[in-house]
Amino acid sequence: MPELPEAETVRRGLAEILAGTKIEGLEVFHPRTARYQNGGSAQLTQQLSGAHLDAVVRRGKFMWTLTSNGQALMMHLGMSGQFRPLAKQAGEAPVRHERARLYLSGGPAQSLSFIDQRTFGALYLSPTANTEDGAPAGCGSDSLLLPAGASHIARDLLDPHLDLVKVNQRIRKSKSPIKNVLLNQSIISGFGNIYADEALFVAGVHGARSASTLTRQQVAQILQAGIEIMERSLSRGGTSFDQLYVDVNGSAGTFADELLVYGRAGQACRECGHELSSISLNKRSHVYCANCQRPSRNLK
DNA sequence: CGTTAGACTCGGGCAA
DNA sequence: TCTGCCCGAGTCTAAA
């Protein structure tokens, strides 16, 4: 599922395909893909046609490119979104699950298909404003222009302008389970269910523990683990469990075989051999080792 | 304001 | 073999 490493892998591929190109046309095959767009598919098509595209930028799981009409084209993968340059001609029937298609000039690809089985992904235009901290809005460009559609998204763990000290404090102000806080994209962005579970395991912290009961050092360990795991995953193209996540070339990431807890409930802990447990937190599964991650106190 | 539950979607997996 | 229910992902919206 696309979390930060997967989104960054896609961003790098998209940057080569989109940066510096002109959108000659656009087709939207499924209205849900444009559900966040004012005026829906028709307005998205009308406003994007003829637009020139800048670099592809990412903050957390949110991606966008600045357009020559002064807005940002938001591109979110949701849980199953894929961008593929399939060299389609205008009017050609959509492939299975193809929700939208851009026609491009001035770049290496003549078309770019957005394929999204579950339709949690989205394409829409958003106005922009300079970042409040005066630093670049995200990874991929030096521009300060941050889309309104991503203004509620915190900087992510691979962002050099992230203030780790402030994030640490913010996390410890919450009484919610630490796992839920890690998934809150307005506090720290980029985590999804996979990397949150992995980081908590490495730090030896049970996900149900109230964030406010953790020490500064424990939270720092969780964040540091998140950085290292996401960097390692990124170097392997991310995590693919099924064909729902692939890069722009259709290739799967290979990090799944390095996962320590996610998807391994009932199997042996790779650290101590104890059988891994699973509980539900906020309707999301949390896999952990009851021996390495103590619910009340961290003894590791 | 912080927090939580519900809604959305659909194919794989499993139960009946 | 066929039917049908449940699960799970990320994010937005509504609500207490």
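Within every chain, numbering begins at 1; the chains are lettered A, B, ... in the order of the sequence lines, protein sequences first and strands thereafter. Computed from a prediction, not measured in an experiment: that's the story for all the values here.
For the pair N282(A) CG and dT3(B) P, the computed distance is 11 Å after rounding to whole Å. Taking atom NE2 on H97(A) and atom C1' on dC10(B), their separation rounds to 8 Å, with Å as the unit. Protein atom CD of Q243(A) is 12 Å distant from nucleotide atom P of dG12(B), rounded to whole Å. Rounded to whole Å, the distance from OH on Y245(A) to P on dG11(B) is 22 Å. One atom, NZ of K283(A), and another, C1' of dT3(B), lie 16 Å apart when rounded to the nearest Å.
Between H152(A) and F62(A), the two ring planes are perpendicular [angle over 60°; tilted spans 30° to 60°].
E6(A) has its side chain within reach of S233(A): a pair of non-hydrogen atoms, C-beta onward, lies under 4.5 Å apart. The shortest distance between side-chain heavy atoms of M75(A) and R11(A) does not fall below 4.5 Å. T119(A) is listed as a side-chain neighbour of R99(A), based on a closest heavy-atom distance under 4.5 Å. Residues T45(A) and E27(A) form no side-chain contact, since every pair of their non-hydrogen atoms from C-beta on lies 4.5 Å or further apart.
Applying the 4.0 Å criterion to OP1 and OP2 of dT9(B), one finds that H30(A) has every side-chain N and O outside that range.
Using a 4.0 Å cut-off on heavy atoms, the residues of residues 172-200 of chain A that approach DNA chain B are S174(A), K175(A), S176(A), listed by number.
Judged by closest nucleotide on DNA chain C, R118(A) is the one of R118(A) and G149(A) placed further toward the 5' end. Comparing H152(A) and S285(A) by the nucleotide of DNA chain C whose heavy atom lies nearest to each, the residue mapping closer to the 5' end is S285(A).
Judged by distance alone, the side chains of S143(A) and S141(A) never bring a donor and an acceptor atom under 3.5 Å apart.
Among the atoms of the strands shown, only primed sugar atoms or phosphate atoms (P, OP1, OP2) are found under 4.0 Å from some heavy atom of Y262(A). F62(A) comes within 4.0 angstrom of sugar-phosphate atoms only, judged by non-hydrogen atoms across all strands, and of no base.
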For residues 76-87 of chain A, please give each side-chain donor-acceptor pair under 3.5 Å, one per line with the distance, not counting sequence neighbours.
{"from": "H76(A)", "atom 1": "ND1", "to": "G78(A)", "atom 2": "N", "distance (Å)": "2.8"}
{"from": "S80(A)", "atom 1": "OG", "to": "D116(A)", "atom 2": "OD1", "distance (Å)": "2.5"}
{"from": "S80(A)", "atom 1": "OG", "to": "Q117(A)", "atom 2": "N", "distance (Å)": "3.4"}
{"from": "S80(A)", "atom 1": "OG", "to": "R118(A)", "atom 2": "N", "distance (Å)": "2.9"}
{"from": "Q82(A)", "atom 1": "NE2", "to": "Q243(A)", "atom 2": "O", "distance (Å)": "2.8"}
{"from": "Q82(A)", "atom 1": "NE2", "to": "L244(A)", "atom 2": "O", "distance (Å)": "3.3"}
{"from": "R84(A)", "atom 1": "NE", "to": "V248(A)", "atom 2": "O", "distance (Å)": "3.0"}

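Annotation: the span from I188(A) atom CD1 to I222(A) atom CD1 amounts to 12.0 Å, rounded to 0.5 Å.
Taking every nucleotide of DNA chain C with any atom under 4.0 Å from a non-hydrogen atom of chain A, the first and last of them, 5' to 3', are dG8(C) to dC12(C).
If you look at F241(A) and F255(A), their ring centroids are not closer than 6.0 Å.
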